[in-house]
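What follows is a single structure, written as structure tokens, with notes after it.
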Amino acid sequence: MCGRYAYLPTADPTELIEQFSIHGDPPDVTPRYNVAPTDPVTVVHTNRELQQTAAVFRWGLIPSWSKPEAARRSGHINARAETLAEKPAFRRLLLKRRCLVLASGFYEWQHGSSRRERMPYYFSPAADSPLTAGGYAGTGVVAFAGLYDRWYPPDGDRIDSCTIITTSPNGLVAPLHDRMPVMLAPDAIELWLDREMADPMLLTSVLAPAAEGALTTRRVSQAVNSVANDGPGSQAPAEEWNQGGLDLGP
DNA sequence: CCAGACGTTGTT
DNA sequence: GTCTGG
DNA sequence: CCAGACGTTGTT
DNA sequence: GTCTGG
């Protein structure tokens with residue numbers, strides 16, 4: 001699954017804009033070591049003018065038909081790729097409201113017998129990963145496949161929110177969890193953001209696990225367990241954040 | 001027809 | 001909005 | 001996803 | 001154990 005991730009773009013958004021064909025305002029490049037449900041996250045979607053634009057959505061989908069009391073919860077942070085086309089809550093969104101959730105990598109926890117033994121691992125693109133093909137290994141960013149919706153409170157501003165699509169794990173992730181976020185290969189991004197595209201079979205065909213070898217992993221500090229810690233700048237020292245440990249390699 | 005639900009995850 | 005159950 | 005809270009009464 | 005908040 002994907003319940004926590006990182007967004008660590010380079011400070012200069014120029015290549016990011018090129019990588020995701022972003023028009024209009026540049027994407028937010030504030031580094032986020034520890035993105036949690038309900039946080040504002042950087043996304044890319046196709047607007048009415050058919051231009052790919054960067055935006056900030058709330059992570060945790062609030063469907064447009066939600067009641068106010070339900071909308072105060074964290075919402076749907078994940079959606080299963082295998083059943084998107086059938087589930088009433090997601091079917092319409094698969095056809096009409098697809099987006100990219102920009103990310104650098106995601107966390108999974110290895111569970112022990114106590115809370116102290118929840119050990120986090122960080123999964124991110126390997127060198128020469130197909131996920132960064134086309135010369136974009138340097139931006140530090142890839143695209144999770146996402147869906148979004150718009151919710152109007154009885155009084156107040158519209159809330160745009162999103163969910164991250166999950167699929168079965170590849171060989172690297174499988175030892176830790178039985179789900180992983182869909183990370184779109186560069187050649188799938190155009191299809192995913194094409195508003196003319198409404199073929200569920202074609203759309204779901206790109207929602208595959210990352211290729212074997214596309215990711216690398218390392219153990220990181222348990223500081224990431226708490227959403228209050230958002231990286232080296234807040235509480236965890238960089239060397240601790242990056243501390244090594246178990247080799248989960250294939 | 002209307003009413004009511006609509007999700008994922010891990011753990012046992 | 002759209003589907004399921006009654 | 002993990003962390004942290006989880007409650008009522010009467011009295012000060 | 002289970003829910004809420006982040």
Side-chain angles (χ1 to χ4, degrees), chain A residues 1-7 30 32-42 56-98 101 103-124 144-152 158-169 173-183 198 200 204 207 209 217 219-231 234-236 241:
Chain A
M1 80 104 50
C2 183
R4 214 76 75 77
Y5 70 93
Y7 174 62
T30 307
R32 296 293 315 279
Y33 282 79
N34 198 2
V35 179
T38 71
D39 281 351
V41 299
T42 299
V56 173
F57 290 173
R58 173 194 193 266
W59 181 21
L61 184 79
I62 305 168
S64 59
W65 39 262
S66 291
K67 290 163 187 159
E69 58 268 26
R72 284 188 281 102
R73 305 177 192 279
S74 62
H76 301 146
I77 66 172
N78 295 129
R80 292 178 64 91
E82 298 88 335
T83 53
L84 277 186
E86 303 148 26
K87 297 288 184 184
F90 296 132
R91 207 175 81 87
R92 179 182 58 100
L93 304 181
L94 174 66
L95 300 179
K96 301 261 182 211
R97 297 207 187 277
R98 298 180 299 274
V101 178
S104 296
F106 60 94
Y107 300 102
E108 298 289 1
W109 278 262
Q110 184 177 61
H111 288 243
S113 52
S114 76
R115 279 204 170 173
R116 286 181 61 84
E117 296 172 50
R118 291 182 181 183
M119 296 305 305
Y121 289 78
Y122 181 59
F123 293 83
S124 58
F144 291 160
L147 301 174
Y148 70 97
D149 208 351
R150 299 178 158 172
W151 184 78
Y152 293 87
R158 185 182 83 206
I159 297 175
D160 293 328
S161 62
C162 60
T163 189
I164 294 170
I165 299 172
T166 63
T167 185
S168 50
V173 177
L176 268 79
H177 278 289
D178 61 359
R179 305 297 296 168
M180 72 181 290
V182 171
M183 305 170 90
T204 52
L207 302 178
T217 189
R219 206 175 86 185
V220 294
S221 166
Q222 282 182 296
V224 78
N225 289 19
S226 173
V227 299
N229 300 329
D230 195 20
S234 56
Q235 298 199 18
W241 199 270

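Labels below follow one simple rule: chain letters A, B, ... track the order of the sequence lines, proteins then strands, and each chain is numbered from 1.
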- Query: Between A:L207 and A:L84, does a side-chain contact (heavy atoms from CB on, under 4.5 Å) hold up when you go through it step by step?
  - Reply: CA-CA 10 Å; A:L207 302 178; A:L84 277 186; 3.7 Å; yes

- Message: By nearest atom, which of the nucleotides B:dG7, B:dT9, D:dA3 is closest to the A:P88 side chain?
- Response: B:dG7

- Task: Establish, with yes or no, whether the OP1 or OP2 oxygen of D:dC2 is under 4.0 angstrom from a side-chain nitrogen or oxygen of A:R4.
- Result: no

- Message: What is the separation between atom CD1 on A:I77 and atom P on E:dT4, rounded to the nearest whole Å?
- Response: 15 Å

- Query: For A:W59 and D:dC1, what is the distance between atoms CH2 and C1' respectively, to the nearest whole Å?
  - Reply: 7 Å

- Task: Compute whether any side-chain donor of one residue and acceptor of the other, for A:S64 and A:R92, lie under 3.5 angstrom apart.
- Result: yes

- Distance between P atoms of B:dT8 and C:dT4 (Å, rounded): 15 Å

- Task: Would you indicate, yes or no, if C:dT2 has its OP1 or OP2 atom less than 4.0 angstrom from a side-chain nitrogen or oxygen of A:R91?
- Result: no

- Listed nucleotide nearest any side-chain atom of A:H76, set B:dG7, B:dT8, E:dG6: B:dG7

- Query: B:dG10, B:dT8, D:dA3: which one has an atom nearest the side-chain heavy atoms of A:H177?
  - Reply: B:dG10

- Interatomic distance, A:L176 CG vs B:dT9 C1' [rounded to whole Å]: 15 Å

- Message: If you only use heavy atoms from C-beta on, which nucleotide in B:dC6, D:dC2, E:dT4 is closest to the side chain of A:W65?
- Response: B:dC6

- Go through E:dT4, D:dA3, B:dT9 for me and flag the one nearest to the A:D178 side chain. B:dT9

- Nearest-neighbour nucleotide for the A:V227 side chain, B:dT9, E:dG6, B:dT8 considered: E:dG6

- If you look at every strand shown and take non-hydrogen atoms under 4.0 Å, does A:F106 touch a base, only sugar-phosphate, or nothing? nothing

- Picking from B:dT9, D:dC1, B:dC6, the nucleotide nearest the side-chain atoms of A:R80 would be B:dT9

- Query: Rounding to a whole Å, what distance do you find between A:E69:CD and B:dA5:C1'?
  - Reply: 14 Å

- Rounding to the closest angstrom, what is the interatomic distance between D:dC2 and B:dT9 at atom P? 13 Å

- Counting only heavy atoms not in A:R150, do more than 12 fall under 6.0 Å of its CZ? yes

- Nucleotide nearest A:T166 when distance is taken to its side chain, options B:dC6, B:dT8, E:dG6: B:dT8

- Query: What is the distance from CD of A:Q110 to P of B:dG10, rounded to the nearest Å?
  - Reply: 14 Å

- A:S74 side-chain N/O to E:dC3 phosphate OP1/OP2 under 4.0 Å: no

- Item | Verdict with supporting geometry, A:H111 and A:R118, side-chain contact (heavy atoms from CB on, under 4.5 Å) | CA-CA 5 Å; A:H111 288 243; A:R118 291 182 181 183; 4.2 Å; yes

- Task: Have a look at A:T38 and say if it touches a base, only the backbone sugar-phosphate, or nothing, with a 4.0 Å heavy-atom cut-off.
- Result: base

- Task: Indicate whether OP1 or OP2 belonging to B:dC6 is found under 4.0 Å from a side-chain N or O atom of A:R92.
- Result: no

- Query: Could you go step by step and tell me if A:W65 and A:D149 meet the side chain to side chain donor-acceptor pair (under 3.5 Å) rule?
  - Reply: CA-CA 10 Å; A:W65 39 262; A:D149 208 351; 5.4 Å; no

- Task: May I ask you to decide if the ring planes of A:Y122 and A:Y107 are parallel, tilted or perpendicular, using 30° and 60° as cut-offs?
- Result: tilted

- Residue matched to D:dT8 through Watson-Crick or wobble contacts both under 3.5 angstrom: none

- Could you give the distance separating D:dC1 and B:dG10 at their P atoms, to the nearest angstrom? 5 Å

- Does C:dG6 have a Watson-Crick or wobble mate here (both distances under 3.5 Å), and if so which one? B:dC1

- Query: How would you label the contact of A:W109 with the nucleic acid (heavy atoms, under 4.0 Å): base, sugar-phosphate, or nothing?
  - Reply: sugar-phosphate

- Under 4.0 Å between any heavy atoms, over every strand shown, what does A:S66 touch: base, sugar-phosphate, or nothing? Just pick one. nothing

- Item | Pairwise C1' distance, B:dC6 and D:dC6 [rounded to whole Å] | 28 Å

- Give the intermediate values and the outcome of ring-ring contact (aromatic ring centres under 6.0 Å, His included) for residues A:W59 and A:F144. CA-CA 12 Å; A:W59 181 21; A:F144 291 160; 8.5 Å; no

- How long is the line joining CZ of A:F144 and C1' of D:dC1, in whole Å? 12 Å

- Message: Using whole Å, what does the distance between atom P of nucleotide B:dT8 and atom CD of A:E86 come to?
- Response: 10 Å

- Message: Tell me the interatomic distance from A:H111, atom NE2, to D:dC2, atom C1', rounded to whole angstroms.
- Response: 9 Å

- Message: Just to be sure I understand the rule, does A:D39 reach a base, reach only the sugar-phosphate, or reach nothing, if contact means heavy atoms closer than 4.0 Å?
- Response: nothing

- Nucleotide nearest A:N225 when distance is taken to its side chain, options D:dA3, B:dT9, B:dG7: D:dA3

